[in-house]
Protein chains: 2
Amino acid sequence: MKKNVTIEKRKTFRHGDLRNALVTAGLEMARIGGPNAVILREATRQAGVSPNAAYRHFANQAALLAAVRSACISRVAAAIEEEMKKCHPGRYPQAFARKSLRAVGIGYLGFAMREPGMFRTAFSVPPPVHSPDPANTASMGLNPFQLLSLALDRMHESGLLSKKDRKDAEYLAWSTVHGLALLVLEGPLHKMPHEMVLALGERLVVMVERGLSSEIAH
Amino acid sequence: MKKNVTIEKRKTFRHGDLRNALVTAGLEMARIGGPNAVILREATRQAGVSPNAAYRHFANQAALLAAVRSACISRVAAAIEEEMKKCHPGRYPQAFARKSLRAVGIGYLGFAMREPGMFRTAFSVPPPVHSPDPANTASMGLNPFQLLSLALDRMHESGLLSKKDRKDAEYLAWSTVHGLALLVLEGPLHKMPHEMVLALGERLVVMVERGLSSEIAH
DNA sequence: AGCGTATGTGGACGATGTTTACTTAGTAGC
DNA sequence: GCTACTAAGTAAACATCGTCCACATACGCT
């Protein structure tokens, strides 16, 4: 029934790479069942090791969970990057800026839909995302928050956003997509069909783009 | 050390109101530690009853948690109502509509800041909020989602929102405030000062109001 | 009065996180 | 190359949690 992928009974007394094995196992559990599903004992089991061995690498299960969370955040960042790669700076900086902002929002939401467990794990309880912890980044070296900032900078530089409106705009923009994602993943919008979520996502980023700037209409 | 407030050793064999006592105990635990902190055994302990007694009133701990969640949602609705009571329909329907929408957003966010544990408990995993379960409502008989709908209806009726823009607007608006609340409560914005959160909340509802309608500027 | 049943009790099981004490083997120093 | 240090894994135990089973109690209906 249970396919223990990783228990190929090692022959060395030392595992060699236990810390990583535990995080990997935890990541898979998070992927399937969210943050509450990352069980310390189960991780050691999958690594083919006694429960206590984990305590040589993590202070407690919260520490393990924190490591798993970092990994999840990196995945989010990677998903956003993937989306951002699709937009190139052409001759119209404003179009580029808009596309960048949209990429962040859609990348974020897309990941949430594709990997609900990891997404929920990424954003719960005490993540030090704000401080640029390299463990949270993907290939560009930016965490999701910084990727969003980048997109907003492009908006500002291209004249789409005044300096005043640019300030703290990441919080507003992020709130929006994050809220939709969580309402769908573990909230009352639980059974909303995927395509509708994505359609709402499109409307949402438009709303953000329009709503951020105080220029047009007061 | 531990003040067991409610264990006044009953003399009747029957508790009389155990179901309620358990929910109350659970609510307090949720208030302090969020959904993960509502422990079935602890609830029975506080009610001065053996652990299994709970199973005469709830199928399992998930059922208890569901009841607690409903109570939490009611509190959210009550907080929103409180805020909505402050705005009266005057001679300017549009002003009334705007104030209503703002009331929903601010009431929601305010509750999230005041009662983080209950708020997090209210919106996690499988809440049947969508169906108008009377257990989720407050004095007006409306759950948070319906209160939001009401405010948006006022926007529409007063001409601030076209029929097209009105459609599904509750999802967009809700996403926004909910996202900010969760980012602050259990996300990366964990240590943001309260006043800044509320200031952002103000900007947020403005953004929603401006961003919802496609009339002005496309 | 008697009885059915809703309600509460006691004891047990498996699972989890965590601690304490012990074992093993890789490595650094002489 | 031997030895001693120490990082890494093991074993056994404990407290807590959710849950199941069998049993006890007393409320309220006939």
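Any value given below was found using the heavy atoms of this structure, including those in side chains, with hydrogens, waters and symmetry copies removed.
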Novice: How long is the line joining CG of A:N20 and C1' of D:dA8, in whole Å?
Specialist: 16 Å
Novice: From CG of B:L22 over to C1' of C:dT7, roughly how many Å is that when rounded to an integer?
Specialist: 12 Å
Novice: Whole Å only: how far is the CG atom of B:D17 from the C1' atom of C:dA6?
Specialist: 15 Å
Novice: Taking only residues two or more places apart in sequence or in another chain, which ones pass side-chain contact (heavy atoms from CB on, under 4.5 Å) with B:N36?
Specialist: A:N36
Novice: If you measure from the Lys or Arg side-chain nitrogens to the Asp or Glu carboxylate oxygens, is any gap between A:R102 and A:E209 under 4.0 Å?
Specialist: no
Novice: Can you list the residues that meet the side-chain contact (heavy atoms from CB on, under 4.5 Å) rule with A:V197, with sequence neighbours excluded?
Specialist: A:M113, A:V184, A:M192
Novice: Excluding sequence neighbours, so at least two apart, what forms side-chain hydrogen bond (donor to acceptor under 3.5 Å, both in side chains) with B:E170?
Specialist: B:S149, B:R166
Novice: Reckon B:H57 has a side-chain N or O less than 4.0 Å from the OP1 or OP2 of C:dA6?
Specialist: no
Novice: Let me have a per-nucleotide readout for nucleotides 15-21 of chain C, 5' to 3', with B, S or -, counting only protein heavy atoms under 4.0 Å.
Specialist: -SBBBBB
Novice: Report the residues that fulfil side-chain contact (heavy atoms from CB on, under 4.5 Å) with B:V177, sequence neighbours left out, ordered by chain and then residue number.
Specialist: B:Y108, B:L109
Novice: Going by side-chain contact (heavy atoms from CB on, under 4.5 Å), name the residues that satisfy it together with A:E28, two or more places apart in sequence or in a different chain.
Specialist: A:R31, A:I32
